[in-house]
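Some notes on the structure that comes next.
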Amino acid sequence: MRTSIVASLPVYNIGDLEKIKRIDADFIELRLDYMDKLEVNLDSLNEYRSKLIFTIRDKSEGGYKEIPDAEKSAFLKELYSKGFLYDIEASFLQRELVPHKGKIVSAHYFDHIPSFEELEDIIRKYREAYIIKFALVGKENYREILIKLLRYENIAVMPMNVDPLERIAFSILGSKLIYGYVDIPTASGQMHYKDIKRIFQLLANY
Ligand SMILES: O=C1C[C@@](O)(C(=O)O)C[C@@H](O)[C@@H]1O
């Protein structure tokens, strides 16, 4: 099964949701942490349900604006009740009780490389997730750690702050997701999602 392409879209206001219809990717990540208030009419997005990933990224893990935990938790529970897919940090799950079964559980490291054992603990703890995702800054032994993680089944790995082509390599090695940008990168090390599509189409011809 090939890696799924995620087009990551910052949502500053409701008007940005109009862009969804023009994005042709496996998934569209809606980064709602770019909004001042989490005011989205979820029923209006039902037709896109199968391709949406909702993310309200904590500032401590690369988020854009500070969203209070209680507001984020309430919105995630509404997403759960309506059957939408969302991304939730393992660190947030330590603070708030929100369902993670069948969802994306993620962990991001910007200033250090964690031990492999620390990441294995996350995998064991959240093994009922749809996908467990690790984003590591490109320093020290990040490649070794990311490659070792791919021995597990439902894993997505991505390096940050390195040549975006490295993400293609991790896709070939088995990462379940690869993130690209639509207008502006939502993390350092992304390429445009259409360039990922072109590379995958070329690879499919060999
Ligand atoms: O967790 C991730 C991965 C990411 O940080 C990246 O490195 O492409 C981009 C984020 O929008 C997404 O939620």
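Any value given below was found using the heavy atoms of this structure, including those in side chains, with hydrogens, waters and symmetry copies removed. Just so you know, these numbers come straight off a predicted model, no measurement behind them. When a residue number appears, it is its place in the shown sequence, counting from 1. In each ligand, atom 1 is the first atom listed, and ligand 1 is the first ligand listed.
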- Query: Should you measure from each heavy atom of His108, which atoms of ligand 1 turn up under 4.0 Å away?
  - Reply: 1 (O), 2 (C), 5 (O)

- One finds that the ligand 1 atoms under 4.0 Å from a non-hydrogen atom of Gln190 are 6 (C), 8 (O), 9 (C)

- Message: Please list, in number order, the atoms of ligand 1 under 4.0 Å from a heavy atom of Ala187.
- Response: 4 (C), 5 (O), 6 (C), 7 (O), 8 (O), 9 (C)

- Task: Compare Met158, Met191, Met160, Arg167 and give the one whose heavy atom is closest to atom 8 (O) of ligand 1.
- Result: Arg167

- Item | Close-contact set for ligand 1 against Thr186 heavy atoms, below 4.0 Å | 9 (C), 10 (C), 11 (O)

- Query: For ligand 1, which atoms sit closer than 4.0 Å to a heavy atom of Arg57?
  - Reply: 1 (O), 2 (C), 12 (C), 13 (O)

- Message: Out of the candidates Lys103, Lys133, Arg31, only one should pair with Asp87 under the side chain to side chain donor-acceptor pair (under 3.5 Å) rule; please name it.
- Response: Lys133

- Item | Linked, directly or transitively: Ile132 and Leu76 (ILVMFWY side chains, under 4.5 Å) | yes

- Message: I want to know if ligand 1 touches Tyr179 in the polar sense, i.e. an N/O pair below 3.5 angstrom.
- Response: no

- Task: Decide, yes or no, whether a salt bridge links Lys148 with Glu120 under the criterion of side-chain N to carboxylate O below 4.0 Å.
- Result: no

- Gap between atom CD of Gln190 and atom CD1 of Ile184 - 0.5 Å precision: 9.5 Å

- Query: Do you know which of Gln94, Arg57, Arg95 makes side chain to side chain donor-acceptor pair (under 3.5 Å) with Glu89?
  - Reply: Arg57

- Task: Answer yes or no for Ser8: is there a heavy-atom contact with ligand 1 below 4.0 Å?
- Result: yes

- Under 3.5 Å: donor-acceptor pair, side chain of Lys19, backbone of Leu9: no

- Mind checking whether Glu29 has an N or O less than 3.5 Å away from an N or O of ligand 1? yes

- Can we say Lys59 and Asp33 salt-bridge, meaning some charged N sits less than 4.0 Å from an Asp/Glu carboxylate O? no

- Could you tell me whether some N/O pair between Lys133 and ligand 1 is separated by less than 3.5 angstrom? yes

- Looking at Arg31, which atoms of ligand 1 are within less than 4.0 Å of one of its heavy atoms? 10 (C), 11 (O)

- Item | Name of the residue among Phe134, Tyr126, Tyr130 meeting side-chain contact (heavy atoms from CB on, under 4.5 Å) with Val105 | Tyr126

- Say whether Thr55, considering both its backbone and side-chain N or O atoms, lies within less than 3.5 Å of an N or O atom on ligand 1. no

